[in-house]
Amino acid sequence: MADYRKMWEDLGMDVDQHDVLCEVLPQAFGDVYLSQENRPEKMDYFNMVVAEIHGIRPAELIEFQKNGGKVVGTFCIHVPDEVVFGCGAINTGLCSGSQFWVPGGEKYLPTATCPLIKASLGARFEKTCPFFRLADLFVGETTCDGKKKAWEIMSKDAPMYIFDLPQMKRDKDVEFFKDEVYRYIARIEELTGNKLTPESLHDAIVLINKKRRAMQRLWEFRKLDNVPISGKDCLLISQIAFYDDPTRFAQKVNELCDELDKRKEQNVSVYKKGATRLMLTGTPLSIPNWKLHHIIESSGAAVVCEEMCTGSRYFELTVDESGKTMDEMVDHLTDRYMKGINCACYTPNTERVDDIIRLAKEYNVDGVIDVNLKFCNIYDTEGHIVEKELKDHNIPVLGIETDYTDEDSEQLKTRIEAFVEMI
Ligand code: BJ8
């Protein structure tokens with residue numbers, strides 16, 4: 001790995017503490033990923049991105065900033081990347097999936113807060129993540145109560161902007177979201193000093209759609225009887241999608257798909273014949289949270305789909321590219337980013353249940369695991385509706401709650417193996 005110490009110091013990071021993270025990550029990645037057999041060769045690029053996760057991309061972003069560019073960090077898939085790219089800035093995801101940052105977050109938040117939020121605050125306040133140091137603007141959103149309050153705390157230390165979201169999807173809520181998109185455009189224009197034009201927004205829509213289409217293409221392989229790529233690898237790619245350069249990312253995913261086309265012709269599978277096919281649904285699995293996939297796939301079952309924000313919710317829908325005027329394009333962004341995202345923060349959220357049933361059929365799954373990050377009240381509560389509906393459709397379902405620690409790994413393994421056995 002190249003030496004990025006100077007860069008991290010210049011970012012004001014706590015480099016000694018950060019070294020602790022740098023020591024454990026390669027080991028964890030090796031155990032979970034590099035131990036897999038028969039991986040596609042084109043996963044090499046994604047391996048390299050993870051190996052240098054706090055190096056290559058931050059260095060690119062800093063170079064961009066030196067030339068006057070701005071970097072915007074977001075925490076939720078409701079916030080449209082297209083606005084940022086259309087203004088000539090770069091968007092990067094800031095979700096945190098490591099237990100490493102949780103104790104730092106607990107200094108500011110109640111213990112009974114979901115690990116995703118605690119890790120986000122920990123990463124910022126403990127100065128141990130370059131992305132949380134370099135962003136010019138942090139964009140929070142009003143999805144769940146924990147996040148809303150966490151942004152108030154983070155705003156004492158970081159330049160924050162709040163994207164307000166409605167709680168329902170009525171016509172007046174759609175209008176509200178549209179207004180928020182316009183307000184966001186004004187803020188990003190102010191940040192960058194660049195005007196968003198119909199042309200630049202159209203180009204950004206096309207750019208981000210290409211990334212989503214590449215992911216759609218990749219996910220199609222997971223519908224096959226002989227699945228040529230593991231769920232773990234697809235999860236990794238979904239996680240990397242949040243912060244990699246969109247053009248390069250789409251190209252690398254398409255190159256991987258070309259390799260998978262050949263595997264498809266030869267009926268190559270990474271799983272044993274007859275492996276149980278599982279879908280995960282629930283709260284997001286931010287990088288480097290690979291725990292569940294690892295437990296499931298080490299037990300011989302296959303994860304073939306994730307109805308999650310690190311999964312289908314991120315790429316299934318593209319933005320309509322036919323808009324000519326700014327207003328038409330903002331309408332299309334609203335269709336995609338509000339009406340099209342079925343997060344438990346909405347009431348009602350019946351479309352999510354419809355999605356789960358549809359995906360279970362499309363990916364021909366044998367069972368569903370409903371995953372909840374500990375202390376996420378909205379997904380936990382919605383789990384009741386999800387699990388009842390799945391049972392009504394005769395789809396076996398297992399509800400689990402977990403966090404970023406490894407403390408429950410053995411227990412989860414036992415429960416998941418029993419579930420697979422029972423299917
Ligand atoms: S669109 S899922 S990315 S809000 S897990 S922080 S909800 S307490 S992450 Fe999310 Fe946007 Fe919805 Fe997706 Fe709160 Fe729950 Fe924690 Fe969560």
Checklist entry - Any side-chain heavy atom of V83 within less than 4.5 Å of one from V72? => result no
Item to check | Evaluation steps, salt bridge (charged side-chain N to carboxylate O under 4.0 Å, His left out), between K262 and E265 | outcome: CA-CA 5 Å; K262 296 197 188 93; E265 274 167 32; over 6 Å; no
Next on the checklist: Given D258, which partner from the list K42, R217, R263 fulfils the salt bridge (Lys or Arg N to Asp or Glu O under 4.0 Å) test?
Outcome noted: R217
Item to check | Lys/Arg N to Asp/Glu carboxylate O, D335 vs K339, below 4.0 Å | outcome: yes
Checklist entry - Is the closest basic N to carboxylate O distance between R336 and D320 below 4.0 Å? => result no
Item to check | Exam field: side chain E328 to backbone K324, donor-acceptor pair closer than 3.5 Å | outcome: yes
Checklist entry - Is a donor on one side and an acceptor on the other found under 3.5 Å between the side chain of N254 and the backbone of A250? => result yes
Checklist entry - More than 12 heavy atoms of other residues, nucleotides or ligands under 6.0 Å from CD of Q167: is that the case? => result no
Checklist entry - To the nearest 0.5 Å, how far apart are CH2 in W219 and SG in C234? => result 5.0 Å
Next on the checklist: If I compare all heavy atoms of L116 with all of S286, which pair ends up nearest, and what's the gap?
Outcome noted: CD1-OG, 3.8 Å
Next on the checklist: I want to check something: taking the side chain as every heavy atom from C-beta on, are E141 and W151 in contact at a cut-off of under 4.5 Å?
Outcome noted: yes
Checklist entry - So do I357 and L390 actually touch side chain to side chain, heavy atoms under 4.5 Å? => result yes
Checklist entry - So, the side chain of Y363 versus the backbone of E306: is there a donor-acceptor pair under 3.5 Å, distance only? => result no
Next on the checklist: How close do T143 and H78 get, counting heavy atoms only, and between which atoms?
Outcome noted: CG2-ND1, 4.1 Å
Next on the checklist: Centroid separation under 6.0 Å, is that true for the rings of F75 and F242?
Outcome noted: no
Item to check | Student check: side-chain heavy atoms of L25 and P288 closer than 4.5 Å | outcome: yes
Checklist entry - Does a sphere of radius 6.0 Å around NZ in K374 hold more than 12 heavy atoms from other residues, nucleotides or ligands, not counting ones at 6.0 Å or beyond? => result no
Next on the checklist: Taking V319's backbone N and O only, do any of them form a donor-acceptor pair with N209's side chain (distance below 3.5 Å, no angle check)?
Outcome noted: yes
Checklist entry - Does a side-chain heavy-atom distance below 4.5 Å link I117 with K149? => result no
Next on the checklist: Using 0.5 Å steps for rounding, measure from the CG atom of L256 to the CG atom of D261.
Outcome noted: 10.0 Å
Item to check | Side chain T283, main chain L373, donor-acceptor under 3.5 Å | outcome: yes
Checklist entry - Between D157 and Y108, does any side-chain donor sit less than 3.5 Å from a side-chain acceptor? => result no
Checklist entry - Crowded around E321 CD? As in, over 12 foreign heavy atoms under 6.0 Å? => result yes
Item to check | Any pair counted as side-chain hydrogen bond (donor to acceptor under 3.5 Å, both in side chains), so long as it reaches residues 395-405, sequence neighbours left out | outcome: K291-T402, N372-E401, T402-D408, D403-T405
Checklist entry - Under a 4.5 Å cut-off applied to non-hydrogen side-chain atoms, are F46 and Q239 in contact? => result no
Next on the checklist: Checking Y346 against E351: is there a side-chain donor and acceptor pair closer than 3.5 Å?
Outcome noted: no
Checklist outcome for this item: In terms of heavy-atom contacts, A204 and G86 come closest through CB-N, 3.6 Å
Checklist outcome for this item: dist D406:CG -> I295:CD1 (nearest 0.5 Å) comes out at 7.5 Å
Checklist outcome for this item: On a heavy-atom basis, the closest approach of V253 and M215 is CG1-N, 4.3 Å
Checklist entry - Checking salt bridge (charged side-chain N to carboxylate O under 4.0 Å, His left out) for the pair D392/K388: CA distance, chi angles, key distance, verdict? => result CA-CA 6 Å; D392 288 349; K388 181 176 179 310; 2.8 Å; yes
Item to check | Flag, side chain of K118 to backbone of L109, donor-acceptor distance under 3.5 Å | outcome: no
Next on the checklist: Using side-chain heavy atoms (C-beta onward) and a distance below 4.5 Å, is K252 in contact with F249?
Outcome noted: no
Next on the checklist: If you apply the rule side chain to side chain contact (heavy atoms under 4.5 Å, CB included), what do you find for L235 with L285, and how did you get there?
Outcome noted: CA-CA 8 Å; L235 172 66; L285 302 172; 4.0 Å; yes
Item to check | Pair F132-S120, side chain to side chain contact (heavy atoms under 4.5 Å, CB included): steps then yes or no | outcome: CA-CA 8 Å; F132 275 84; S120 297; 4.2 Å; yes
Checklist entry - Would you say the side-chain atoms of R277 pair up with the backbone N or O of R222, donor to acceptor, closer than 3.5 Å? => result yes
Checklist entry - Does the pair E410/K413 count as a salt bridge with the N-to-O cut at 4.0 Å? => result no
Checklist outcome for this item: Nearest heavy-atom contact between R352 and T281 is NH2-OG1, 2.8 Å
Item to check | Aromatic plane relationship, Y161 with Y184 - under 30° parallel, 30 to 60° tilted, over 60° perpendicular | outcome: tilted
Next on the checklist: Taking the basic N atoms (NZ, or NE/NH1/NH2) and the acidic carboxylate oxygens, is any pair closer than 4.0 Å for R358 and E307?
Outcome noted: no
Next on the checklist: Regarding E297 and R39, does a basic nitrogen lie under 4.0 Å from an acidic carboxylate oxygen?
Outcome noted: no
Checklist entry - Is it true that a side-chain atom of T334 and a backbone atom of V330 form a donor plus acceptor pair closer than 3.5 Å? => result yes
Checklist entry - Judged by atom type as modelled, is there a donor-acceptor pair below 3.5 Å linking the side chain of E37 to the main-chain atoms of V270? => result no
Item to check | Which residues share a side-chain hydrogen bond (donor to acceptor under 3.5 Å, both in side chains) with N267, sequence neighbours left out | outcome: N226
Checklist entry - Is the backbone N or O of A301 less than 3.5 Å from a side-chain atom of S299, with the two atoms forming a donor-acceptor pair by type? => result no
Next on the checklist: Would D203 and F85 count as a side chain to side chain contact (heavy atoms under 4.5 Å, CB included) here? Give the steps.
Outcome noted: CA-CA 9 Å; D203 289 350; F85 284 99; over 6 Å; no
Item to check | Nearest-0.5 Å distance that lies between atom CG in L134 and atom CZ in R57 | outcome: 10.0 Å
Item to check | SB check K264 E220 (cutoff 4.0 Å) | outcome: no
Next on the checklist: We want to know whether T381 and N377 form a side-chain donor-acceptor pair, criterion being a heavy-atom distance below 3.5 angstrom.
Outcome noted: yes
Checklist entry - Which is it for M154 and L121 under the side chain to side chain contact (heavy atoms under 4.5 Å, CB included) test, yes or no, and what are the steps along the way? => result CA-CA 7 Å; M154 196 183 275; L121 256 59; 3.5 Å; yes
Checklist entry - Rounded to the nearest 0.5 Å, what separation is found between the CG atom of D164 and the CZ atom of F177? => result 10.5 Å
Checklist outcome for this item: Between D81 and K211 the two heavy atoms that sit nearest each other are OD2-NZ, 4.2 Å
Next on the checklist: Rounded to the nearest 0.5 Å, what separates atom CG in L292 from atom CG in L280?
Outcome noted: 6.5 Å
Next on the checklist: Contact between R187 and L137 at the side-chain level, heavy atoms closer than 4.5 Å - yes or no?
Outcome noted: yes
